[in-house]
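Single-structure report; data block below.
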Amino acid sequence: MKAEPETRIVKGKDVRFSVDDLAAMPAATSPWDGVRNYEARNIMRDRMRVGDQILFYHSNCKEPGVAGIAEIVREGYPDHTATDPSHPYYDAKSNPEGPPRWFMVDVRFVHKLSRLVSLKELKQHHDGKLRNMVLLNRGRLSVQPVTQEEFEFIVALGSSDA
DNA sequence: GCCAACGTTGGC
DNA sequence: GCCAACGTTGGC
């Protein structure tokens with residue numbers, strides 16, 4: 001799951017959200033709101049289960065890469081920020097009276113990796129263990145599937161010295 | 001700030 | 001249902 005760790009102002013509000021920001025939340029837990037892509041939404045709505053772990057990826061920043069691990073603590077439910085006109089992620093096409101268009105999950109901080117596993121480093125394994133990784137083959141999707149093998153490989157990288 | 005990749009919109 | 005125009009993502 002991708003989030004932007006550096007300050008970015010949308011509609012007057014800072015939408016920055018880093019792995020440290022998650023850790024600092026009450027109960028180290030936060031809704032993953034603001035996803036406005038149907039494929040990403042479907043993954044949150046239909047595939048994520050309580051207890052699943054996710055890689056917390058920092059995007060659109062100085063050093064993009066996997067920064068930590070979180071886990072799903074609440075399964076897909078409507079993203080109410082879509083129908084709040086004052087919210088940075090307001091979606092004018094979402095009808096508060098109709099069926100919800102956008103969904104979110106709640107995630108809880110698990111731990112940071114000992115070191116950030118940068119996109120640059122991930123790319124070094126594009127011909128190897130990360131051959132099929134969606135992040136490298138497709139990019140541009142803010143919630144995307146990761147295989148068990150990819151997950152373990154990246155966590156192992158982030159647990160060792162560079 | 002640039003721009004490639006790619007998702008969405010909307011006319012036809 | 002096609003596809004050109006447009007908007008967004010996100011690395012660099």
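Labels below follow one simple rule: chain letters A, B, ... track the order of the sequence lines, proteins then strands, and each chain is numbered from 1.
- For A:Phe56 and A:His58, the gap between ring centers is short of 6.0 Å.
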Detail all sub-3.5 Å separations between protein N/O atoms and N/O atoms belonging to nucleotides 8-10 of chain B.
| unit_1 | atom_1 | unit_2 | atom_2 | d |
| --- | --- | --- | --- | --- |
| B:dT9 | OP1 | A:Lys93 | NZ | 3.0 |

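- A:Arg45 and A:Tyr77 are not linked by any side-chain donor-acceptor pair at a separation below 3.5 angstrom, with hydrogens and angles left out of the test.
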Considering only nitrogen or oxygen atoms on both sides, find all protein atoms under 3.5 Å from nucleotides 2-7 of chain C and state each distance.
none

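- Contacts of A:Glu75 classified as salt bridge (Lys or Arg N to Asp or Glu O under 4.0 Å), with partners at least two apart in sequence or in another chain: A:Arg49.
- Atom CG of A:Asn137 sits in a crowded spot, with more than 12 heavy atoms from other residues, nucleotides or ligands closer than 6.0 Å.
- Cluster membership for A:Val143 and A:Val134, using ILVMFWY side-chain heavy atoms within less than 4.5 angstrom, is not shared.
- A:Phe103 and A:Trp32 have their aromatic ring centers separated by at least 6.0 angstrom.
- We find that CZ of A:Arg8 is positioned 14 Å from P of B:dG1, with the value rounded to whole Å.
- A:Lys120 comes within contact range of no nucleotide atom at all, as no heavy-atom separation falls under 4.0 Å.
- Panel note: side chain A:Arg101, backbone A:Asn95; no donor-acceptor pair is recorded below 3.5 Å.
- Rounded to whole Å, the distance from CD on A:Glu6 to P on B:dG1 is 15 Å.
- Residue whose closest nucleotide on DNA chain B sits further toward the 5' end, between A:Arg138 and A:Asn60: A:Asn60.
- Under the 3.5 Å distance criterion, with hydrogens and angles disregarded, a donor-acceptor pair is assigned to the side chains of A:Thr81 and A:Arg36.
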